[in-house]
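If you're wondering where the values come from, they're calculated on a predicted model, not measured in any experiment. Values below: all heavy atoms of this structure, side chains included; hydrogens, waters and symmetry mates excluded.
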Amino acid sequence: MSGDHGHKDSKIDSGSRVNESHKHKDKHKDKEHRHKDHKKDREREKSKYSNSEHKEFSEKKHRDKDKVKHKDGSLERHKEKHKEKRKEEKIKSFSFDEKPKKEKENGFASPPRIKTETDGDSFYYSPKYEKSLKREHDDDDKSKFSTNNFLSFFLWILQDIEPKKKTKDKKTDETDGKKKAKKEPEEKWKWWEEERYTDGSKWKFLEHKGPVFAPPYEPLPSNVKFYYDGKHMKLSPQAEEVATFFAKMLDHEYTTKEVFRNNFFKDWKKEMTPEEKSKITNLSKCDFTEMSEYFKAQTEARKQMSKEEKQKIKEENERIVQEYGFCVMDNHKERIANFRIEPPGLFRGRGDHPKMGMLKRRIRPEDVIINCSKDSKHPKPPPGTKWKEVRHDNKVTWLVSWTENIQGSIKYIMLNPSSRIKGEKDWQKYETARRLKKCVDQIRAQYRDDWKSKEMRIRQRAVALYFIDKLALRAGNEKEEGETADTVGCCSLRVEHIKLYPELNGQEFVVEFDFLGKDSIRYYNTIPVEKRVFKNLQLFLENKQPEDDLFDRLNTSILNKHLQELMDGLTAKVFRTYNASITLQQQLKELTSEDNTPAKILSYNRANRAVAILCNHQRAPPKTFEKSMQNLQSKIDAKKDQLADARRELKSAKADAKVRKDEKTKKAVETKKKAVQRIEEQLMKLEVQATDREENKQIALGTSKLNYLDPRITVAWCKKWNVTIEKIYNKTQREKFAWAIDMADKDFEF
DNA sequence: TTTAGAACTTAGAAACCTTGAC
DNA sequence: GTCAAGGTTTCTAAGTTCTAAA
């Protein structure tokens with residue numbers, strides 16, 4: 001990335017999510033206007049970007065061997081299906097370059113091109129690991145496996161019987177060294193020193209206890225009443241349960257939104273008896289306050305419980321975690337991420353979600369598919385029930401799945417990020433990004449070249465890729481209208497999402513982006529682009545309505561197919577990973593200096609922040625922000641006063657010592673000196689904290705830290721600057737990144 | 001070959017827990 | 001002991017990419 005990401009500041013906007021102005025009003029009216037005549041476009045382009053430069057380009061690119069085919073403009077098809085839904089006609093013509101398909105890695109978690117890449121790439125086992133323990137995974141060796149695994153499962157059970165020590169020791173083993181109470185019970189398994197499967201399987205043995213279901217509904221006590229139109233009304237249990245979902249959310253803004261209320265009411269009615277249905281016809285006449293108060297009181301009571309009671313609950317939870325929170329996968333006990341089935345409730349879609357408020361129904365064993373190995377002890381469904389299915393698919397990583405009723409999508413229970421199966425994939429992700437580093441210059445040169453292409457689809461592709469690379473935009477899949485909030489990514493940007501300024505605030509060729517991205521987080525950015533990009537954008541906008549697609553001849557599938565040809569394993573999101581990680585590395589180099597630890601950490605956070613800004617990771621400013629800032633400021637002021645006092649005292653002690661010249665006064669001077677130093681340090685810490693907090697007001701660092709930044713960069717930085725890793729990664733993060741902590745040394749380069 | 005659905009990653013909010021000041 | 005603040009964990013929605021069925 002060549003310092004290209006320096007335009008960040010303008011991006012963070014005070015209101016992060018949704019806002020009415022973004023509503024896509026009547027967006028699909030007048031669809032007939034759209035995409036008038038792409039043939040005309042193409043002809044226009046042809047004349048504009050006439051022969052010479054294009055010829056030169058097309059001859060150069062071996063990849064575009066099928067260009068002739070594309071040029072005739074007869075093949076566009078892809079987007080049509082959903083455009084159809086919009087009742088519009090887009091004439092498109094494209095086809096995919098016919099390159100021989102690269103051999104797939106059978107979906108296995110190893111990086112693509114594993115065999116051809118060995119040269120010097122650290123992804124491969126270093127010599128010291130060469131003879132390391134190999135995971136047994138010969139396809140045909142089943143019996144051996146099951147024996148081993150039964151053994152290990154047995155050991156696991158045994159371990160469980162032992163007094164619980166590990167899981168909830170939380171802070172106790174935190175670094176400071178102060179409280180080194182309980183230590184890790186056993187040596188952690190270094191899966192990264194072992195070989196991976198190459199046959200596409202994700203595991204050979206998998207055993208678990210199945211999911212934990214939501215507790216059954218407990219009817220309200222009879223004194224907690226529901227009122228309709230001012231009159232008490234006893235609800236049937238089903239209707240009451242759904243009513244409590246609403247009551248629990250009464251303080252939330254959701255319940256004031258019309259869409260939420262309408263969806264809720266509609267679904268609630270489905271749960272009512274005919275009698276209830278005929279009576280309750282207006283949600284506004286429903287009074288849930290007693291229910292709401294009841295739940296608040298319960299929460300309060302829980303807080304007020306005695307230590308013993310709290311402890312009892314904690315132990316019971318712990319027992320459940322021990323029983324259901326782990327599985328055995330290939331000889332190893334692994335933590336499960338989400339072993340609880342999502343409880344019923346009201347759907348909380350983000351942004352202007354058309355389905356918010358709908359009832360998320362209760363999942364029963366009959367809805368659940370179990371995945372485990374044949375030779376494992378299958379999880380038992382709760383008494384009197386059965387599973388929907390028990391399957392043995394070792395080409396996938398999930399243990400349990402079910403279909404949810406809001407979007408009809410499948411939900412999964414999977415392993416914790418610290419597990420081998422997730423870790424390998426994560427590692428592989430960063431290796432792919434590092435491979436991109438090696439060819440990114442070439443790819444950039446190519447897309448710049450493609451801005452001149454005489455084919456519209458190629459120019460669109462090239463401009464989109466430029467945005468993805470430069471601005472770290474997401475790919476932008478197409479979404480089904482009316483099913484989700486109206487959000488976009490790069491390929492799905494619409495005309496209304498950008499504005500072009502030939503000149504703005506003294507800068508030439510400025511593009512203003514303003515759209516809702518993932519989770520309806522607003523992306524706002526004004527950025528000068530290269531002239532050719534600007535001209536292209538002008539062209540893409542011609543004869544289009546605000547609600548038309550900016551890149552009407554592009555979608556994520558086309559883009560990713562193209563990227564795949566540029567580099568094996570390359571997809572749009574690799575750019576985000578690459579640019580995030582390289583930015584961190586560069587920023588760390590730039591910002592860190594021989595300094596005290598808090599200052600170094602501030603540098604780290606600033607580097608992290610640069611990435612978070614690039615990736616537009618925003619958060620709502622904490623509600624208590626202003627107040628906590630004030631508090632901190634008063635602490636700083638107090639500390640300053642304290643420092644002034646200490647300095648004064650030191651001064652007078654010095655004067656005293658000058659006069660008296662005895663040991664006692666000398667000592668006093670030393671003591672005062674130390675006190676001043678200590679206070680200075682404390683003050684500095686507070687000031688750093690204030691700066692950090694202020695800068696972090698609307699920025700969430702966690703997402704990039706967890707998902708985009710190659711942890712080896714961080715580990716290397718810690719080692720280089722003598723910062724303990726615990727200062728940067730908390731326990732969970734250290735578990736997730738154990739592989740990186742173990743393998744990266746201070747010279748690691750992304 | 002296209003497309004729908006499956007699989008898996010990324011995301012911010014909320015719940016929960018710990019810490020430290022008083 | 002209480003309380004507020006902030007860090008951590010959990011939750012699950014919302015993306016992207018992969019895969020397999022039509």
Contact under 4.0 Å: A:Lys395 side-chain N or O vs B:dA7 OP1/OP2: no
Toward the 5' end of DNA chain B, by each residue's nearest nucleotide, A:Arg576 or A:Trp398: A:Trp398
With a non-hydrogen cut-off below 4.0 angstrom, is A:Gly517 in contact with a base, only sugar-phosphate, or nothing? sugar-phosphate
Out of C:dG15, C:dT12, B:dA11, minimum distance to the side chain of A:Lys479 belongs to C:dG15
A:Ala572 near the nucleic acid: base, sugar-phosphate alone, or nothing, with a heavy-atom cut-off under 4.0 Å? sugar-phosphate
Nearest whole Å is fine: how far is C:dA13 P from A:Asn405 CG? 10 Å
In this structure, CD of A:Gln311 is separated from OG of A:Ser306 (nearest 0.5 Å) by 10.5 Å
Hey, does A:Pro343 reach any base, or is it just sugar-phosphate, or nothing, if we go heavy atoms under 4.0 Å? sugar-phosphate
Provide the closest heavy-atom pair for A:Phe575 versus A:Asp469 in the form atom of the first, atom of the second, distance. CD2-OD1, 3.7 Å
Closest non-hydrogen atoms of A:Leu206 and A:Cys327, given as atom of the first, atom of the second and distance, are CD1-SG, 4.0 Å
Rounded to the nearest angstrom, tell me the gap between atom CG in A:Leu706 and atom P in B:dA11. 10 Å
Considering non-hydrogen atoms only, spot the tightest contact between A:Thr583 and A:Leu614 and give its length. OG1-CD2, 4.0 Å
What is the distance, rounded to the nearest whole Å, between atom CZ of A:Arg348 and atom C1' of B:dA15? 11 Å
Closest heavy-atom contact between A:Lys202 and A:Arg420? O-NH2, 2.7 Å
What nucleotide among B:dG12, C:dT17, B:dT10 has an atom nearest to a side-chain atom of A:Ala700? B:dG12
Among B:dT9, B:dC8, B:dA14, the one nearest any side-chain atom of A:Thr397 is B:dC8
I want to verify a distance call: between C:dT9, C:dG15, C:dT12, whose nearest atom is closest to the A:Lys360 side chain? C:dT12
Assign A:Lys355 to base, sugar-phosphate, or nothing according to its heavy-atom contacts below 4.0 angstrom with the strands shown. nothing
Rounded at 0.5 Å granularity, tell me how far CH2 in A:Trp427 sits from CZ in A:Arg196. 5.5 Å
Rounded distance (Å) that lies between atom C1' of C:dA14 and atom CG of A:Asp486: 14 Å
Donor-acceptor pair present, A:Lys518 side chain and B:dT10 base, under 3.5 Å: yes
Please report, rounded to the nearest Å, how far the C1' atom of B:dA7 is from the CD atom of A:Gln407. 17 Å
Tell me whether the side-chain N/O atoms of A:Lys573 come closer than 4.0 Å to OP1 or OP2 in B:dT10. yes
N or O in side chain of A:His353 less than 4.0 angstrom from C:dA14 OP1/OP2: yes
Euclidean distance, atom CZ of residue A:Phe575 to atom C1' of C:dT17 [Å, nearest integer]: 15 Å
Which heavy-atom pair separates A:Asn394 from A:Ser201 by the least distance, and what is that distance? ND2-CB, 3.2 Å
Between A:Gln304 and A:Asn338, name the one whose nearest nucleotide on DNA chain C is closer to the 5' end. A:Gln304
May I have the distance from A:Lys705 (atom NZ) to B:dG12 (atom P), rounded to whole angstrom? 15 Å
Checking contacts here: which listed nucleotide (C:dT17, C:dT12, C:dT16) is nearest the side-chain heavy atoms of A:Asn560? C:dT17
On DNA chain B, does the nearest nucleotide to A:Lys736 precede the nearest nucleotide to A:Ser401 from the 5' side, or the other way round? Give the residue. A:Ser401
Out of C:dA14, B:dT10, C:dT8, whichever nucleotide has its closest atom nearest the side chain of A:Arg350: C:dA14
Looking at every heavy atom in both A:Val368 and A:Val400, which two are closest together, and how far apart are they? CG1-CG1, 3.5 Å
Counting only side-chain nitrogens and oxygens, does A:Thr571 get under 4.0 Å of the OP1 or OP2 atom of C:dT17? yes
Sorted by number, residues from residues 408-415 of chain A placing a heavy atom under 4.0 Å from DNA chain C are A:Lys411
For C:dT8 and A:Asn730 - does any side-chain N or O of the residue sit under 4.0 Å from the phosphate oxygens OP1/OP2? yes
Output field: ring centroids A:His353/A:Phe260 closer than 6.0 Å: no
Out of B:dG12, C:dT16, B:dC8, which nucleotide sits closest to the side chain of A:His617? B:dG12
Remember a base hit wins even if backbone is also touched, and classify A:Thr487 as base, sugar-phosphate or nothing at under 4.0 Å, heavy atoms. sugar-phosphate
Spacing of A:Ile521 atom CD1 relative to C:dG15 atom C1', expressed in whole Å: 13 Å
